[in-house]
Number of protein chains: 4
Amino acid sequence: MSKPDKREEIVRAALEIIAEHGFHGAPMALIADRAGVGAGTIYRYFENKDVLITELYRELEERIYPVITEGYSEVKAFRERFLHLGTALLKYFINNPLDFRYLEQFHNSPYGVAFRRDRLLGEKEGCDVYRELFDEGIAQQVLKDVPLPIHFALAFGPLLSVARDHILGFITLDDLIIARTIEACWDAVRR
Amino acid sequence: MSKPDKREEIVRAALEIIAEHGFHGAPMALIADRAGVGAGTIYRYFENKDVLITELYRELEERIYPVITEGYSEVKAFRERFLHLGTALLKYFINNPLDFRYLEQFHNSPYGVAFRRDRLLGEKEGCDVYRELFDEGIAQQVLKDVPLPIHFALAFGPLLSVARDHILGFITLDDLIIARTIEACWDAVRR
Amino acid sequence: MSKPDKREEIVRAALEIIAEHGFHGAPMALIADRAGVGAGTIYRYFENKDVLITELYRELEERIYPVITEGYSEVKAFRERFLHLGTALLKYFINNPLDFRYLEQFHNSPYGVAFRRDRLLGEKEGCDVYRELFDEGIAQQVLKDVPLPIHFALAFGPLLSVARDHILGFITLDDLIIARTIEACWDAVRR
Amino acid sequence: MSKPDKREEIVRAALEIIAEHGFHGAPMALIADRAGVGAGTIYRYFENKDVLITELYRELEERIYPVITEGYSEVKAFRERFLHLGTALLKYFINNPLDFRYLEQFHNSPYGVAFRRDRLLGEKEGCDVYRELFDEGIAQQVLKDVPLPIHFALAFGPLLSVARDHILGFITLDDLIIARTIEACWDAVRR
DNA sequence: GATGAATGAGCGTTCATTCAT
DNA sequence: CATGAATGAACGCTCATTCAT
């Protein structure tokens with residue numbers, strides 16, 4: 001197993017175990033085991049558990065981005081673009097429940113809060129397609145006159161909630177319901 | 001300090017610490033300290049940490065209910081009732097950030113999932129005003145034709161997200177923004 | 001409930017619980033509960049748990065003595081007396097399994113060792129019928145020429161072992177087997 | 001210190017402390033200390049305290065067996081074989097008082113009872129020399145006509161009692177007394 | 001005298017991290 | 001580089017004992 005391979009295995013193992021059992025149900029020794037490496041090896045690639053967790057988050061973001069933006073064109077109508085990005089994200093979550101559950105764990109934790117604070121304040125790079133789209137929508141007065149974070153909430157709030165319910169088995173989403181949900185989000189944000 | 005006082009102090013301390021640091025950042029010894037009682041004392045009132053956590057959740061629910069429903073009248077127009085309940089809940093969260101953060105911690109944890117499963121399947125009692133309202137709205141075709149959990153997501157998803165952002169200091173809500181946010185949620189669910 | 005009653009209830013409860021679950025499976029609070037008294041009340045009658053345990057032992061000894069010696073006559077033949085005392089003790093244990101298990105717990109513990117040391121060294125009073133009988137047997141050369149403790153071992157060792165097996169359900173004793181067992185013990189000690 | 005060394009040290013420390021103070025007088029931390037290892041280290045070798053206790057018991061059994069059976073020959077006369085096994089066991093106990101006291105603690109505890117039940121019912125392997133010897137003696141009518149457990153009681157009961165007395169300093173055994181004691185046991189079991 | 005709520009030392013156990021090999 | 005045995009601080013929880021009522 002070559003060096004980058006080990007790193008990858010560690011990240012994969014961490015994703016699986018943390019998504020399923022949470023940060024505190026994921027001992028480093030178990031992650032190492034599942035990754036097929038020694039416990040000490042993790043510390044060659046990640047300074048400590050916190051770094052591993054944060055790094056994994058960043059990798060997930062990067063993995064999602066190209067999937068979301070596939071077929072996305074900035075020349076399409078605004079509404080269409082909104083629906084595209086919403087639908088793509090929701091479907092990504094449904095198809096990658098481990099990723100979703102990890103992201104949820106992360107957001108709902110001290111890690112996530114600190115991360116988000118950096119994002120908002122430091123203007124670090126993120127899933128900026130969304131930001132650009134909303135900024136444009138506000139500028140063009142297609143979207144309601146509320147601050148950006150409210151729009152994020154109106155769009156992503158239901159989306160995450162619906163994804164969670166689906167993954168936990170409380171509802172079963174199909175294409176029709178997905179479409180109606182995203183359109184409802186559109187009703188929320190549009191003027 | 002009288003008997004019920006101690007229980008109350010324990011509950012208060014647990015709320016504070018868990019809201020701030022999560023379940024795993026809240027050792028029983030620290031809760032006891034903050035409550036001004038001995039470590040063993042907690043176990044006179046709560047069988048174990050899990051029970052304390054679940055019980056605290058239930059108490060919060062009970063505390064919230066009357067506040068939410070104050071001034072709520074079933075004879076008012078549907079839209080008005082929706083706005084009332086949404087606004088009341090959001091304001092409650094803003095005014096009681098510890099409660100909000102605790103509820104978030106709870107929902108995003110095995111406790112919360114199990115709890116919710118019971119709610120959905122067992123039809124246990126809960127914040128049923130919401131359920132009744134949505135059921136009525138669907139029946140009367142005031143609301144969009146999507147399953148109940150989708151409506152919950154469309155209404156509560158943004159609300160929780162907005163409350164979180166406010167409490168974490170990412171935005172500052174005022175009455176106007178609150179009103180616009182809830183109205184946007186109304187746009188999402190209404191036909 | 002009058003004062004001596006409470007003491008009696010405590011002793012009874014302690015016997016039951018300790019016999020069943022051992023010293024460490026018998027919290028004072030549980031004993032108090034079973035006795036129908038407050039936890040603090042035990043300390044009015046017994047200085048601490050150790051004293052309760054030792055006191056209970058002494059009471060059992062006193063309870064056993066008259067049962068054992070009933071119908072016992074020092075004028076009967078030596079062998080007959082031996083068989084009487086052996087049979088009586090074994091039957092007592094079988095009929096009072098709680099007593100037996102308590103005594104076993106006690107003997108096999110620091111308490112028991114200290115107690116026995118006092119007995120042997122300090123010549124404190126005990127179940128002296130046995131001692132007198134064996135002393136006489138040795139003096140009269142009816143018994144083998146080995147020290148007194150060896151005789152105790154030869155007589156009581158099998159007896160306790162057999163009682164334990166019966167109480168634990170490994171064997172079922174009847175009058176015939178009991179008789180044969182005690183006679184075998186007689187073969188062991190007699191010249 | 002190499003790996004098996006640590007395990008050995010832990011086992012030795014556990015034997016010492018438990019033999020001296022009983023299971024409940026032997027905190028894991030103390031065992032670790034005495035073994036010269038960290039508290040957590042014990043758990044690398046033994047899943048938990050119960051497993052350590054049971055494992056230690058098994059090791060003692062295995063340690064004893066070859067000592068007992070040294071010079072034992074199945075072709076010798078029955079009486080001689082009985083005396084050999086009895087004497088060997090008693091001497092082993094005298095020479096290894098820690099082993100003896102540990103075994104006593106074990107037998108007189110839930111562990112021991114469960115263990116023995118398995119032995120009797122499940123026909124698991126154990127110190128089967130004894131069983132075979134007694135079975136043969138019963139079959140050949142050399143031994144009295146009583147069930148096997150009675151024979152065990154008649155032979156081991158006094159033996160354990162005598163060993164205990166010696167180890168606690170209540171008597172001092174020498175070869176003569178040992179021989180007489182075992183011969184007395186022989187008188188007990190033989191027809 | 002009787003109570004039982006309160007205590008806190010002490011237990012068995014876990015796990016992030018280190019470091020000799 | 002990689003390992004995994006070793007660590008020990010920290011956890012949740014128990015229970016003998018005390019003392020205000």
Side-chain angles (χ1 to χ4, degrees), chain A residues 1-3 6 23-33 36-53, chain B residues 1-7 10 23-33 35-52, chain C residues 1-3 6 23-33 36-53, chain D residues 1-7 10 23-33 35-52:
Chain A
M1 196 189 286
S2 73
K3 187 180 156 183
K6 281 198 198 281
F23 296 126
H24 297 281
M28 295 296 262
L30 186 57
I31 294 174
D33 242 42
V37 304
T41 304
I42 297 181
Y43 290 85
R44 304 215 136 273
Y45 296 95
F46 305 94
E47 198 185 331
N48 55 43
K49 196 176 182 180
D50 281 18
V51 169
L52 167 59
I53 285 169
Chain B
M1 194 187 287
S2 73
K3 185 182 157 185
D5 253 0
K6 286 214 193 264
R7 201 197 126 102
I10 292 165
F23 296 126
H24 296 281
M28 294 297 262
L30 186 58
I31 294 174
D33 250 36
V37 304
T41 304
I42 298 181
Y43 293 87
R44 296 200 61 71
Y45 295 96
F46 305 95
E47 200 183 329
N48 53 45
K49 197 177 181 180
D50 281 19
V51 168
L52 168 60
Chain C
M1 196 189 283
S2 71
K3 188 182 156 183
K6 283 201 196 278
F23 296 126
H24 297 281
M28 293 297 262
L30 186 57
I31 293 173
D33 242 43
V37 305
T41 305
I42 297 182
Y43 291 85
R44 303 215 136 272
Y45 295 95
F46 305 94
E47 198 185 332
N48 55 43
K49 197 178 182 180
D50 281 18
V51 168
L52 167 59
I53 286 169
Chain D
M1 195 188 287
S2 73
K3 185 184 157 184
D5 253 2
K6 285 211 194 267
R7 201 197 125 101
I10 291 165
F23 296 127
H24 297 282
M28 294 298 261
L30 186 57
I31 294 174
D33 250 37
V37 305
T41 304
I42 297 180
Y43 293 86
R44 296 202 60 71
Y45 296 96
F46 305 95
E47 200 183 329
N48 54 43
K49 197 178 182 181
D50 280 20
V51 168
L52 168 59

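Each chain gets a letter, A, B and so on, in the order its sequence line appears, and its residues count up from 1.
Note on D:Lys6: every side-chain N or O is 4.0 Å or more away from OP1 and OP2 of F:dG4. Distances shown here put every side-chain N or O of D:Tyr43 at or beyond 4.0 Å from the OP1 or OP2 atom of F:dA5.
Counting only heavy atoms from C-beta on, C:Pro27 has its side chain closest to F:dC15 among E:dA6, F:dC15, E:dG4. Closest to the side chain of A:Tyr45, out of F:dA2, E:dG4, F:dA9, is F:dA2. Checking F:dA16, E:dA2, E:dT13 against the side-chain heavy atoms of D:Asn48 singles out E:dT13 as nearest.
When all heavy atoms are compared, the tightest approach of B:Ile10 to B:Ile42 is CD1-CA, 3.9 Å. The shortest heavy-atom contact between A:Ala32 and A:Ala39 is CB-CA, 3.6 Å. Pairing each heavy atom of D:Tyr43 with each of D:Asn48, the nearest pair is CE2-CA, 3.9 Å.
Per the geometry, CD1 belonging to D:Ile10 stands 13 Å off P belonging to F:dA5, to the nearest Å. Atom-to-atom, CD1 of D:Ile31 to P of F:dG8 comes out at 17 Å; the value is rounded to the nearest Å. Between the CD1 atom of C:Ile53 and the P atom of F:dA16 there is a distance of 9 Å, given to the nearest Å. With rounding to whole Å, A:Phe23 atom CZ is found 13 Å from E:dA16 atom P. For B:Phe46 and F:dG12, the CZ to P distance is 15 Å, given to the nearest whole Å. One atom, CD1 of C:Ile42, and another, P of F:dA16, lie 9 Å apart when rounded to the nearest Å. Atoms CG (C:Leu52) and P (F:dC15) sit 16 Å apart, rounded to a whole Å. For the pair B:Lys49 NZ and F:dA10 C1', the interatomic distance rounds to 12 Å; values are reported in whole Å.
The residue among D:Arg44 and C:His24 whose nearest nucleotide of DNA chain F lies closer to the 5′ end is D:Arg44. Between D:Thr41 and C:Asp50, the one whose closest nucleotide on DNA chain F sits nearer the 5' end is D:Thr41. In this structure, B:Gly40 and D:Ala29 both approach DNA chain E, and ranking their closest nucleotides by distance from the 5' end singles out B:Gly40. Sequence order on DNA chain E of the closest nucleotides to A:Glu47 and B:Gly38 puts B:Gly38 first from the 5' end.
Among the atoms of the strands shown, only primed sugar atoms or phosphate atoms (P, OP1, OP2) are found under 4.0 Å from some heavy atom of B:Met28.
Summarising the base pairing, F:dA9 is matched to E:dT14 through a Watson-Crick or G-U wobble pair whose two defining distances lie under 3.5 Å. Within the shown strands, F:dT21 is the pairing partner of E:dA2 under the Watson-Crick or G-U definition, both distances less than 3.5 Å.
Of the possible polar contacts, one joining the B:Lys49 side chain to the B:Phe23 backbone as a donor-acceptor pair under 3.5 Å is found.
For the atom pair CZ (D:Arg7) and OG1 (D:Thr41), the distance works out to 14.0 Å, reported to the nearest 0.5 Å.
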